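Being a predicted model, the structure only gives us computed values, none of them experimental.
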Amino acid sequence: MTDQTNQTDRTETGARPVRVRIAPSPTGDPHVGTAYIALFNYAFARHNGGKFLLRIEDTDRERSTKESERAIFEALRWVGLSWDEGPDIGGPFGPYRQSERSDIYRKHADELVAKKAAYHCFCTAQRLTELREKQKAAKSDFGYDGFCRHLPEAEVQAKLKAGAPNVIRLAVPEGETSFNDLVRGEVTFQNSTVDDQVLLKSDGFPTYHLANVVDDHLMQITHVIRAEEWISSTPKHVLLYRAFGWEAPQFVHMPLLRNQDRSKISKRKNPTSLLWYRDQGYLPEALLNFLALMGWSVQEGQDIFNLESMIRDFTLDRVTTSGPVFDLQKLEWLNGVYIRDMAAPELARRVRESALKDQPVDEAFLLRTLPLVRERMKKLTDYVPMTAYLYSETVNPSAQDLVPKKGTPQSASAALTAAADALQGLADWSSPAIEQCARQLAVTLGMKERDLFMSVRVAVTGGPVSPPLFESLELLGREKSVARIRAAIGKLAAG
RNA sequence: GCCCCUGUCGUCCAGCGGUUAGGACGUAAGAUUCUCAAUCUUAAAACCGGAGUUCGAUUCUCCGCAGGGGCGCCA
């Protein structure tokens, strides 16, 4: 068993120390997909005693923002996946922000041109747009038509000298390119279907393709674990590694998270912002557990496990390749499981920070309320509405709710009056004593317990659905409890 | 249009040539119960289709079909 594991590890990881990375681009809200991919990279790195790094791919000057970058850090920290090297903490292979590495890319792009593996292209954006439209109309293949690829050298030099705006494109050779995806097997592309991709934009910034290959090599990345959407650009990357004379890393393409309709997950059809999940009161450990479930499984089959055990058990051969539908209902269930299993003080802390937004709270009281609601909570934020009646001065039940199904306002009123009187005179204000008193009262009144209790419940909590009644009364205190019952009687009398 | 990936209950996973095709979420019914939850029990629910390989295919191969992704000076 151990031997087999070691063998698998050896073929999966090779000789070099494992180094993996996530490379989010700081545009918009931090995405669940980022956490999803981060999780698998993290688990793989930790399982193999390797490094997990964070690199910010901010080469799109139009869309990248510092704010978004900060949000990525914040979200990743919240979720609990810590990186060993990154823009905020540095590391031996920095800088880890691509906008700070421009000259590196420029140099490498020039090297490619010198090697004839890339070429300058002077086509205008307008010509390219027209080209695409033509191709679309003709239903022909898409992609750059190679117009500038065979410009005479003298002309290229003249244009460069004249300062003509240009980009550098990859000169895709003839033949075919394949790579071995560690979970999908060999994937092959005819080079004729691979575009002469732009590597260096006219603003001097690299595209993803160049930057990611150069950085992965320079940062000694051994395994590229990324989303499925990258499969079709992988041949470009392989071609780049080859052109540079570098060894390519191993590739693993994880499936894409899906909306209910199976399209790639999107914010129009599904919450995708990690901060949304945080603000809704999901626990990071539940989210991680849930994310792990869609793409990986434990040998023994259990579906509740923590990060630590995932790291221990994680191997690539149990990674799935089919696109999982993001099922919020299952996440909710899992979240509830974690809430129920959490130690009380810890849960109190989370509730305070999340649901209570760090408002000043009576810690002791919070701790006392938790047992009444924790097994009913699916999200941390559920705490607030579920316990509102315990914090408010009064409640506002409807007259209709106060009357049991087969009762009348008069009978309900009589029952509540008796209850108020009994509770008022109760010697011991504790939940067992209150319960005993209430049950006795039902007998005395000749009522069904559930009917009596329901009237009291509505009177005291404000509605027909609530945490356990007697514990609620105890927490609320005699004064408030009785006052609420009397107020309800008044309400019934009023009509 | 071209290329690539994927295809087991509604959903997420298990299965890795021979199984009564298993678990979880959800759903339904019941038990418990002061309501709602939680908990427990039970039930319904799936191998995309067709060829081939084989004594035997959910499992291997091929062809269809379906879903998804890609085809940007975005990542």
Side-chain angles (χ1 to χ4, degrees), chain A residues 23-27 57-60 62-64 121 123-125 128-129 132 135-136 138-144 165-169 181 184 187-190 192-195 197-209 211-212 226-235 253 255-256 258 260-264 290 293-304 317-318 320-334 336-337 340 373-378 386 435 438-439 442 448-454 456-458 461 463-470:
Chain A
S25 63
T27 54
E57 307 230 330
D58 55 349
T59 54
D60 184 340
E62 246 103 89
R63 297 194 300 158
S64 299
C121 170
C123 291
T124 61
L128 295 175
T129 308
R132 261 190 292 276
Q135 288 168 334
K136 204 163 188 177
K139 297 194 174 187
S140 63
D141 286 5
F142 297 151
Y144 183 59
N166 71 93
V167 302
I168 291 177
R169 282 183 187 275
D181 185 297
R184 293 168 198 260
V187 182
T188 302
F189 289 79
Q190 292 304 312
S192 57
T193 67
V194 180
D195 200 15
Q197 184 65 49
V198 170
L199 301 176
L200 201 71
K201 310 181 223 177
S202 55
D203 65 2
F205 271 51
T207 58
Y208 169 86
H209 307 283
N212 130 83
R226 61 184 5 168
E228 185 181 3
E229 56 190 332
W230 294 107
I231 290 179
S232 46
S233 34
T234 304
H253 290 96
L256 244 19
R258 312 287 189 91
Q260 288 242 290
D261 65 4
R262 298 203 169 274
S263 56
K264 158 169 140 178
F290 173 69
L293 249 20
M294 8 189 71
W296 183 71
S297 65
V298 182
Q299 179 97 51
E300 293 72 27
Q302 72 265 29
D303 35 27
I304 297 174
D317 60 316
R318 295 197 67 82
T320 318
T321 48
S322 59
V325 172
F326 196 97
D327 181 6
L328 216 47
Q329 262 192 322
K330 188 158 184 175
L331 207 212
E332 277 210 346
W333 163 76
L334 248 181
V337 170
R340 270 172 257 132
V373 292
R374 72 137 78 209
E375 71 187 23
R376 278 152 249 265
M377 290 165 57
K378 294 234 189 297
M386 280 180 180
E435 176 166 1
R439 290 192 192 279
K448 278 190 180 155
E449 288 184 334
R450 64 187 313 147
D451 289 343
L452 204 220
F453 297 173
M454 183 52 83
V456 177
R457 174 196 319 286
V458 173
T461 71
V465 175
S466 83
L469 181 56
F470 309 117

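- Counting distance only, with no hydrogens placed and no angle test, the side-chain atoms of A/S232 and the base atoms of B/rC3 include no donor-acceptor pair under 3.5 Å.
- For A/D303, the listed nucleotide lying nearest its side chain is B/rG23; candidates were B/rG23, B/rA14, B/rC12.
- Contact annotation: side chain of A/R63 to base of B/rC74, donor-acceptor pair present below 3.5 Å.
- Between A/R262 atom CZ and B/rU6 atom C1' the separation is 10 Å, expressed in whole Å.
- Side-chain atoms of A/L469 lie closest to B/rC34 of the nucleotides B/rG1, B/rC34, B/rG69.
- Across all strands, A/T59 comes closer than 4.0 Å only to sugar-phosphate atoms, never to a base (heavy-atom distances).
- When distances are taken from the side chain of A/R340 to each of B/rG69, B/rC73, B/rU39, the shortest belongs to B/rU39.
- Among the heavy atoms of the strands lying under 4.0 Å from A/V167 is at least one base atom, whether or not backbone atoms are also near.
- Interatomic distance, A/R318 CZ to A/Q299 CD, rounded to the nearest 0.5 Å: 4.5 Å.
- Here the P atom of nucleotide B/rG70 and the CD atom of A/Q135 are 18 Å apart, to the nearest Å.
- As rounded to the nearest Å, B/rU8 and B/rU19 have C1' atoms that lie 14 Å from one another.
- Out of B/rC12, B/rC73, B/rC34, the shortest distance to the side chain of A/P324 is found at B/rC12.
- Nearest to the side chain of A/T321, among B/rC13, B/rG1, B/rU6, sits B/rU6.
- Rounded to whole Å, the separation between the P atoms of B/rG68 and B/rC74 comes to 27 Å.
- The A/V465 side chain lies nearest to B/rC36 when the options are B/rA75, B/rC36, B/rC4.
- In this model, a side-chain donor or acceptor of A/K330 finds a partner on the base of B/rA24 within 3.5 Å.
- Following rounding to the nearest Å, A/D195 (CG) and B/rG69 (P) show an atom-to-atom distance of 20 Å.
- Candidate nucleotides B/rA75, B/rC4, B/rU35 were compared by shortest atom distance to the side chain of A/M454, and B/rU35 ranks first.
- The residue A/Y208 sits close to a base: some heavy atom pair falls under 4.0 Å.
- Closest to the side chain of A/T193, from the set B/rC2, B/rU39, B/rG69, is B/rC2.
- When the P atom is compared between B/rA45 and B/rG10, the two are found 10 Å apart, to the nearest whole Å.
- If you check B/rG69, B/rC13, B/rA37 against the side chain of A/M294, the one that comes closest is B/rC13.
- Using a 4.0 Å heavy-atom criterion, one finds that A/R457 contacts the bases of the nucleic acid, with or without backbone contacts as well.
- If you check B/rC73, B/rC34, B/rC36 against the side chain of A/R376, the one that comes closest is B/rC36.
- Look at CD on A/E57: it is 7 Å from C1' on B/rA75, rounded to the nearest Å.
- Atoms CG (A/D317) and C1' (B/rC16) sit 11 Å apart, rounded to a whole Å.
- Proximity of A/V456 to A/L469: side-chain heavy atoms (C-beta onward) are separated by under 4.5 Å at one or more points.
- A/F142 places its CZ atom 15 Å from the C1' atom of B/rG69, with the value rounded to the nearest Å.
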